[in-house]
**Q** 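I'd like to ask some things about the structure below.
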Amino acid sequence: MFHHEPNSGSVIADLNDPISLGHQFVGQEGTDEETGYKTGTYPTKAEKFDKVDYVNVAYLSDGKESSNSFDLAKTTGEVKITAVSADSVSGEINLTEGERSVKGTFTTKITVKK
C-alpha cells in the first residue's frame with residue numbers, strides 16, 4: 001500500500017505490507033504542486049523534468065524495517081503514470097540497477113499534507 005503526497009511528488013510506503021516502495025519524480029516543466037499529477041512516462045535518464053528522482057524499497061526483516069535506495073545514475077527504466085483521479089494515481093514501474101529490480105503495477109491514494 002502506498003500513498004502520494006502531492007506537495008512533494010513522493011510515494012510514501014505503508015510498512016504494514018511486507019514490501020513497500022517509495023519513489024519521487026519531477027513533473028513537466030512549468031508545473032507545481034497546484035497542478036496535480038499528470039499521466040506520462042517518467043524515465044530515470046532525463047535532464048531536468050519528467051523524470052524519476054528517487055526510489056527506495058522498504059521491507060520488514062526480523063520485525064525491523066530495512067530499506068535499499070536505488071542509485072539513479074546506475075538505474076535504467078521508467079515509471080508510467082497511467083491514470084489519475086481525484087483521490088488516486090495508478091501506473092506501472094519497471095526499474096533495474098545491476099542485480100536489483102522492481103517491476104509491477106500500482107494504485108496509490110493521494111493524501112493531502114496538513
**Q** Contact between Glu29 and Phe49 at the side-chain level, heavy atoms closer than 4.5 Å - yes or no?
**A** yes
**Q** Quick one: are Thr44 and Leu95 in side-chain contact, heavy atoms under 4.5 Å?
**A** yes
**Q** Ignoring hydrogens and angles, tell me if any N or O in the side chain of Lys45 forms a donor-acceptor pair with the backbone of Leu72 under 3.5 Å.
**A** yes
**Q** So Thr82 and Glu92, do their side chains get closer than 4.5 Å, heavy atoms only?
**A** yes
**Q** Decide yes or no for Val102 and Phe70: does some side-chain heavy atom of the first lie under 4.5 Å from some side-chain heavy atom of the second?
**A** yes
**Q** My understanding is that only residues two or more places apart in sequence, or in another chain, count here; which of them pass side-chain hydrogen bond (donor to acceptor under 3.5 Å, both in side chains) with Glu78?
**A** none
**Q** Drop me the distance from Asp71's CG to Glu97's CD, to the nearest 0.5 angstrom.
**A** 5.0 Å
**Q** Taking the side chain as C-beta and beyond, is there a heavy-atom pair between Phe106 and Val79 under 4.5 Å?
**A** yes
**Q** With Ser69, which residues qualify under side-chain hydrogen bond (donor to acceptor under 3.5 Å, both in side chains), at least two apart?
**A** Asn56
**Q** Could you check whether Thr96 and Ser101, counting side-chain N and O atoms only, form a donor-acceptor pair closer than 3.5 Å?
**A** no
**Q** Got Ile81 and Val89 here, is their nearest side-chain heavy-atom distance under 4.5 Å?
**A** yes
**Q** What distance separates Thr39 OG1 from Lys80 NZ, expressed to the nearest 0.5 Å?
**A** 12.0 Å
